[in-house]
Every structure is written in C-alpha cells, then in structure tokens.
Amino acid sequence: MQLVLTGGPDSDQEELDELTRHLRERLLELDVDRVEPVRAGHVPAGAKPVDAIAVGALAVTLAPIALRSVLGLVQTWIENRPVRTVSIALGDDSLELEAVSAADQQRLIEAFLAARTATNEDGGRDADDSAPAPAPALAPDAGPEG
C-alpha cells in the first residue's frame, strides 16, 4: 500500500515531511509489517539522504486484516492536520481521503473496502479482514445480450 500526503495551500516541504514522519509513527503503532518512506527515482552520488525521499509518500506493508485499521487511523489522523488529502493506492485500487466530514470519509472507506472484497471474490485478491465477504449487491452478468 502506498500513502501520499498532499499539504494544504500554506504547507511547505518541511511541514509535509514532518507530517509524514508523524503519520509513519502512528502507523507503526498498528499491526503492520513495515512503514517506509518512498524513495524517489535515481539517487545521484553525493546526494543527501533526504534528497532521495519522495516527501509525503509512505510505503506500508501489512496483512490484509490490518487494512481497515490503517484506513481508520488515516481517517482520524487527517481531521486535525493541515493536510488537504491522503491518497491511498493498493494494487489497482485507490482511495483519496480529504478533510471532509467524518461521515463522508466513512462512506468512502466502506465503498473502498467493499470493492476490495468484491475483487477478492472475483479475482482472488486478499480481502481487508477475516470475516466472510458479503454477497455482491448486483448479480453477475448472465451472458451476452441478445
């Protein structure tokens, strides 16, 4: 999973870096395997270590069962921070959480998790938790129209 923070209009790179480090610390408190800064492309010889890091980006390695807790943490973490969005990419799926109402964020998270569960039923990808997946809301396509 990759998380990318986008700062508010008044944010600078230093503030975004600090926010990213804080989010990393909070994520490490969860049951995740690793949370590492994302490296930015080729690092030239003699470059400072910070030059090699994509500011605001974290790579999170986690078991599927931890997905819901990671999303919940990001949802609550963004509420009182000067972060405009947190973009979350997991395989081909993506989710963008913004500083909007908690109810709107929760609807986005539930839709994201439902889509991942549906993908797991159809394509064999890992689900977000160990509970049985709910039945799909729509019946599968019965075949060619005609």
Side-chain angles (χ1 to χ4, degrees), residues 1-138 140-141:
M1 166 188 285
Q2 185 165 336
L3 305 176
V4 178
L5 282 64
T6 304
D10 298 335
S11 296
D12 60 19
Q13 293 292 82
E14 187 176 315
E15 181 181 29
L16 190 57
D17 183 50
E18 183 179 326
L19 289 166
T20 304
R21 284 193 313 255
H22 183 256
L23 178 57
R24 180 179 183 269
E25 290 170 8
R26 294 291 314 275
L27 288 167
L28 286 169
E29 294 171 5
L30 299 177
D31 190 19
V32 298
D33 296 329
R34 294 179 358 161
V35 181
E36 299 296 331
V38 173
R39 301 291 172 194
H42 175 71
V43 181
K48 297 181 214 167
V50 75
D51 294 339
I53 296 174
V55 176
L58 295 169
V60 182
T61 306
L62 66 146
I65 197 166
L67 180 58
R68 184 176 292 277
S69 62
V70 167
L71 294 176
L73 174 88
V74 172
Q75 176 187 6
T76 57
W77 184 85
I78 196 174
E79 288 176 1
N80 297 311
R81 306 288 184 305
V83 175
R84 187 174 55 212
T85 62
V86 176
S87 300
I88 301 164
L90 184 57
D92 292 337
D93 298 329
S94 63
L95 171 65
E96 195 165 284
L97 294 178
E98 301 178 80
V100 295
S101 76
D104 286 343
Q105 284 187 13
Q106 191 61 39
R107 280 192 289 275
L108 289 170
I109 289 170
E110 292 303 325
F112 179 78
L113 292 172
R116 298 237 0 115
T117 300
T119 300
N120 182 48
E121 290 174 350
D122 296 337
R125 271 204 276 170
D126 292 332
D128 65 295
D129 58 26
S130 58
L138 301 173
D141 187 5

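The model shown is predicted, which means the values in this text are computed figures rather than measured ones.
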Criterion side chain to side chain contact (heavy atoms under 4.5 Å, CB included) on V32 and T61, from CA distance to verdict: CA-CA 6 Å; V32 298; T61 306; over 6 Å; no
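- When side chains are defined from C-beta on, D93 counts as touching R116, because their heavy atoms get closer than 4.5 Å.
- For R24, the salt bridge (charged side-chain N to carboxylate O under 4.0 Å, His left out) test picks out E36, with sequence neighbours left out.
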Let me have the donor-acceptor pairs involving side chains of residues 78-85, under 3.5 Å, with sequence neighbours excluded, atom names and distances please.
residue: R81; atom: NH1; partner: W77; partner atom: O; Å: 3.0
residue: T85; atom: OG1; partner: T6; partner atom: OG1; Å: 3.2

Evaluate side chain to side chain contact (heavy atoms under 4.5 Å, CB included) for L58 paired with M1, printing each intermediate quantity in order. CA-CA 8 Å; L58 295 169; M1 166 188 285; over 6 Å; no
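- Between A66 and S69, the closest heavy-atom pair is O-OG, 2.8 Å.
- Of the inter-residue distances, the one linking L19 atom CG with R21 atom CZ reads 9.5 Å to the nearest 0.5 angstrom.
- Contact check for I109 versus Q75: side-chain heavy atoms found under the 4.5 Å cut-off.
- Under a 3.5 Å cut-off, the side chain of S94 and the backbone N or O of L90 do not form any donor-acceptor pair.
- Surrounding CG of D31 are at most 12 heavy atoms belonging to other residues, nucleotides or ligands under 6.0 Å away.
- E110 is linked by a salt bridge (charged side-chain N to carboxylate O under 4.0 Å, His left out) to R68, counting only residues two or more places apart in sequence or in another chain.
- Smallest separation of non-hydrogen atoms from Q2 and A57: NE2-CB, 4.2 Å.
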Step-by-step side chain to side chain contact (heavy atoms under 4.5 Å, CB included) determination, L95 to L71: CA-CA 10 Å; L95 171 65; L71 294 176; 4.1 Å; yes
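- The neighbour count for E29 CD, taken as heavy atoms of other residues, nucleotides or ligands under 6.0 Å away, is above 12.
- For D104 and S101, the side-chain atoms include at least one donor-acceptor pair closer than 3.5 Å.
- Each of L3, L27, L23 was scored for a side chain to side chain contact (heavy atoms under 4.5 Å, CB included) with V35, with one residue passing: L27.
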